[in-house]
Amino acid sequence: MNYFYLSLPPNLVGSVLNFLSKIKSKRYKIKILSEKPFGESLEGSLELKNLIEEKGLYDDFFISDHYLFKENFLTLPQDFSRVKIV
């Protein structure tokens with residue numbers, strides 16, 4: 001399983017989702033957690049939601065409030081053989 005934790009400006013999320021959908025299409029199992037803000041407006045948020053669905057990432061995508069998951073995420077590396085933060 002490959003986990004991706006996104007903390008990006010809304011204008012970059014689309015490019016990253018395109019990349020992650022390519023990874024998934026190669027049969028890699030992925031899970032994505034994205035911090036809010038998720039779009040700069042309702043319209044932008046709906047566009048990103050539609051992109052998630054179009055790319056087949058709906059079941060693999062989770063949205064967290066800012067820093068709500070950060071502490072839990074930082075404890076996860078002890079359960080993995082390797083963590084790469086980019």
Side-chain angles (χ1 to χ4, degrees):
M1 181 69 65
N2 295 285
Y3 295 91
F4 297 89
Y5 183 79
L6 307 180
S7 180
L8 302 168
N11 63 324
L12 295 179
V13 173
S15 298
V16 173
L17 292 182
N18 285 327
F19 175 75
L20 293 176
S21 70
K22 290 177 185 177
I23 291 174
K24 185 177 178 179
S25 72
K26 304 271 188 210
R27 306 262 190 256
Y28 287 97
K29 293 181 180 181
I30 65 172
K31 295 293 180 193
I32 306 159
L33 177 70
S34 180
E35 282 187 5
K36 292 190 319 183
F38 191 66
E40 297 171 345
S41 64
L42 177 58
E43 183 179 283
S45 294
L46 293 174
E47 287 175 15
L48 287 171
K49 177 187 171 287
N50 291 335
L51 181 61
I52 291 167
E53 292 171 351
E54 289 170 15
K55 297 296 180 181
L57 299 171
Y58 184 79
D59 292 331
D60 304 305
F61 198 91
F62 303 90
I63 300 170
S64 173
D65 199 347
H66 189 64
Y67 285 105
L68 181 64
F69 191 70
K70 185 176 182 177
E71 185 174 316
N72 292 331
F73 181 78
L74 292 175
T75 64
L76 289 176
Q78 66 191 4
D79 297 327
F80 296 91
S81 60
R82 182 176 74 126
V83 173
K84 183 176 182 181
I85 299 175
V86 180

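When all heavy atoms of Gly56 and Lys24 are compared, the closest pair comes out as O-NZ, 2.7 Å. What you find for Ile30 and Leu20 is that their closest heavy atoms are CD1-O, 3.7 Å. Pairing each heavy atom of Phe61 with each of Ile63, the nearest pair is CE2-CG1, 3.6 Å. Nearest heavy-atom pair across Val16 and Leu8 is CG2-CD1, 3.5 Å. Among all heavy-atom pairs drawn from Ile23 and Tyr28, the shortest one is O-CD1, 3.4 Å.
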Would you check, one step at a time, whether the test side chain to side chain contact (heavy atoms under 4.5 Å, CB included) holds for Asp60 with Ile52?
CA-CA 9 Å; Asp60 304 305; Ile52 291 167; over 6 Å; no
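Contact check for Leu57 versus Leu51: no side-chain heavy atoms found under the 4.5 Å cut-off.
Distance check: Glu47 CD to Ser41 OG gives 7.0 Å after rounding to the nearest 0.5 Å. Here Ile32 contributes atom CD1 and Leu17 contributes atom CG; the two are 6.0 Å apart, rounded to the nearest 0.5 Å. Residue Leu48 holds its CG atom at 11.0 Å from CD of Glu43, rounded to the nearest 0.5 Å.
The number of heavy-atom neighbours closer than 6.0 Å to NZ of Lys22, taken from other residues, nucleotides and ligands shown, is 12 or below.
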